[in-house]
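This report refers to the structure that appears directly beneath it.
Letters A, B, ... mirror the listed sequences (proteins, then strands); counts begin at 1.
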Amino acid sequence: MKPAIAWAKRHLSMLKSIAFVTYKEWAAYRSHMLLSILIGPAFFLAQYFIWNAVFSARAEVGGLDLRSMLLYYGTVTLVYYLTMDFADWNLQMHIRVGTFLTFMLRPLSHRWFALSQKAGHRVLGFLFEFLPVWLILALAFRLPILPVSWPWAILSVGLGFLMVFFLNYSIGIAAFWMTRTDGLRSIFALFRDIMAGSFLPLTLFPLAFQKVLFFLPFQYATYVPAKVLLGSYELGGISMSLPAIVGCQAAAVLCMWLVSEILWRLGVRRYTGVGA
Amino acid sequence: MSAAALGSRAPRGSRVPGLGQLWLRSIRASFARRMAYRADLALDIAVTLLSELVGPAITLLIYGSTAGSGFPGWAMYEVLLIQSVFLMSRGLAFPLFMGLMYGVLDQVRSGRFELTLLRPRAPLLILVCQGIDPIAFTRLAGGVAIFAISLSHLPSPSAMGIAAFVLFFAFSLLVLFSLALFLSGTLFVWVGNGRVYELLDLLLNFAQYPLSIFPRAFGLALSVAVPVAMVSYIPASALLGRLDLTGLVAVPASAVFFLLSLLFWEKMRSKYTGADG
């Protein structure tokens with residue numbers, strides 16, 4: 001038991017240090033991050049106009065009324081600021097230019113390092129993106145988005161944070177096989193965003209497609225955290241309580257962690273360092 | 001703005017390649033660069049085509065979920081026509097000149113912009129040529145296909161409508177070029193800000209829908225202040241025979257927008273201070 005506690009303590013301490021350094025590093029670019037105050041609400045404004053026009057002719061679309069639709073888009077925007085990362089870009093860049101070699105020599109796995117970096121980056125995102133955009137949505141659009149159940153929402157967003165990381169990291173691992181992965185990463189990001197519900201609530205898709213989406217990991221990255229935050233979950237005609245869907249989300253994250261572990265082991269075997 | 005000021009004319013008596021030669025060499029270099037990673041290129045083309053279709057797919061889903069009511073006053077194929085014009089305009093702008101944004105972003109951050117300044121042509125022309133990406137013409141394919149499908153479901157446009165469409169489509173490219181100038185101009189002082197692409201997407205997001213879904217003042221701003229309505233809504237409206245006064249107002253507004261963008265870019269360029277080198 002003791003070695004396990006010592007191992008966990010050591011890793012937590014490393015996570016804290018790396019997150020802090022990443023926070024400091026990215027704080028230098030906080031003006032870039034602050035652009036989210038403009039970009040997030042402006043994208044939301046476009047959705048606001050689009051859906052206002054659509055709902056001017058009818059009261060319900062895909063089981064949602066206008067306010068539910070706007071709440072969904074607002075929540076998705078906020079969830080994005082808490083969970084986004086570019087672990088795929090980072091890993092492929094290190095592999096491509098050769099700097100990955102230095103990570104092989106460090107006393108911690110690159111995955112833990114990247115996850116710690118994400119933690120630091122998202123703390124900054126919480127302060128400079130999430131909080132201002134939350135305020136704008138609450139004050140300008142009168143959409144004060146608060147979780148119906150705080151514990152389940154925090155847990156679900158945390159699992160979404162991990163799911164986005166494992167998904168992106170697994171795609172970054174493809175750089176062990178391909179020198180450039182820009183195309184693969186873009187095509188993956190497109191499908192991920194569509195199937196995670198970033199563009200449209202998943203309940204607007206045809207029912208058969210919704211049923212397929214239920215068994216894919218993508219909904220757990222955005223759709224599930226957003227719906228848990230809003231207090232109810234439904235997809236493909238399946239309604240679930242918050243504990244049940246968060247349980248499914250935890251299982252999906254575990255599966256995705258296993259997938260990334262397998263890909264990692266296969267990929268690292270192929271690695272030959274250059275440059276560094 | 002004369003051709004000489006834009007650097008499209010080679011200095012007299014020099015052995016500097018002419019504009020056509022420069023253009024061709026840029027295309028050849030870009031093609032060779034992209035062909036180095038063929039698998040990635042194939043995926044890139046696929047994703048470009050697919051990502052361009054997201055907007056029309058959302059429109060189909062909206063009209064599908066609302067039993068065809070969608071945007072009041074607009075039939076589905078009319079909205080798809082607007083979006084296809086948007087895709088065609090982007091499909092020409094990205095391979096031809098939008099690479100300018102990445103050029104400034106990359107060169108200012110790395111300090112290599114000094115080399116561009118040393119070249120015997122206007123930096124803007126050099127950056128546009130360096131950013132040419134012939135592979136990106138594949139973006140056009142999706143737009144052309146949706147354009148043809150939409151038109152086949154709509155009444156045939158008049159000759160006047162077609163002529164107006166061609167004119168407004170040229171202005172559409174001008175507005176996109178102006179946006180590239182404004183956004184890349186900011187990168188001379190806002191070094192390394194990769195989020196300019198999000199700003200571009202943000203502005204163009206409003207160009208993909210009928211102007212009537214926006215409040216009147218906002219719609220006017222999209223036609224005059226930042227005339228993104230010219231990118232797709234106005235050319236498509238001309239083709240549909242639904243053009244109103246905003247279309248005519250947007251023409252001079254787009255020309256002024258272009259001149260302002262050139263002045264802005266030059267002003268920002270003069271503020272460039274080298275780093276790294």
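When the shell of 6.0 Å around CZ of F214(A) is examined, it contains more than 12 heavy atoms from other residues, nucleotides or ligands. Counting heavy-atom neighbours within 6.0 Å of Y72(A) OH, excluding the residue itself, gives a total above 12. Within 6.0 Å of the OH atom in Y81(A), the count of heavy atoms belonging to other residues, nucleotides or ligands exceeds 12.
Qualifying salt bridge (charged side-chain N to carboxylate O under 4.0 Å, His left out) partners for D182(A), counting only residues two or more places apart in sequence or in other chains: R180(A), R185(A).
Between D193(A) and V54(B), the closest side-chain pair of non-hydrogen atoms is not below 4.5 Å. Between Y29(A) and N193(B) there is no side-chain heavy-atom pair separated by less than 4.5 Å. N52(A) is not listed as a side-chain neighbour of I213(B), based on a closest heavy-atom distance of 4.5 Å or more.
Put simply, the residue from V196(B), L202(B), L199(B) that forms a side chain to side chain contact (heavy atoms under 4.5 Å, CB included) with L35(A) is L199(B).
Contacts between L200(A) and chain B at a heavy-atom distance below 4.5 Å involve the side chain alone, from C-beta outward. Contact of I194(A) with chain B is made through the side chain alone, with heavy-atom distances under 4.5 Å. Contact of T181(A) with chain B is made through the backbone alone, with heavy-atom distances under 4.5 Å. Only the side chain of F218(B) comes within less than 4.5 Å of a heavy atom in chain A; its backbone stays farther off. Contacts of L190(A) with chain B are made by side-chain atoms alone, with heavy-atom separations under 4.5 Å and no backbone atom involved. In this structure, the portion of F191(A) lying under 4.5 Å from any heavy atom of chain B is its side chain and not its backbone.
Taking each heavy atom of A53(A) and P72(B) in turn, the nearest pair found is O-CD, 3.2 Å.
Between Y209(B) and F49(A), the ring center distance fails the sub-6.0 Å criterion.
Between chain B and the residues S56(A), A57(A), S31(A), the most heavy-atom pairs under 4.5 angstrom are made by S31(A). Ranking V61(A), L184(A), V54(A) against chain B, the residue ahead of the rest is V54(A), based on heavy-atom pairs under 4.5 Å. In terms of non-hydrogen atom pairs under 4.5 Å with chain A, the most contact-rich of A46(B), P215(B), G64(B) is P215(B). Contacts with chain A were tallied for I58(B), L203(B), I45(B); I58(B) has the most, counting heavy-atom pairs under 4.5 Å. The greatest number of non-hydrogen atom pairs below 4.5 Å with chain A, out of F71(B), W190(B), F206(B), is found for W190(B).
Taking CG of L45(A) as the reference point, atom CG of N205(B) lies at 10.0 Å (rounded to 0.5 Å). Summarising the geometry, atom CZ belonging to F199(A) is positioned 12.5 Å from atom CG belonging to L61(B); distances are rounded to the nearest 0.5 Å. R195(B) contributes atom CZ, which lies 3.5 Å from atom OG of S36(A) (distance to the nearest 0.5 angstrom).
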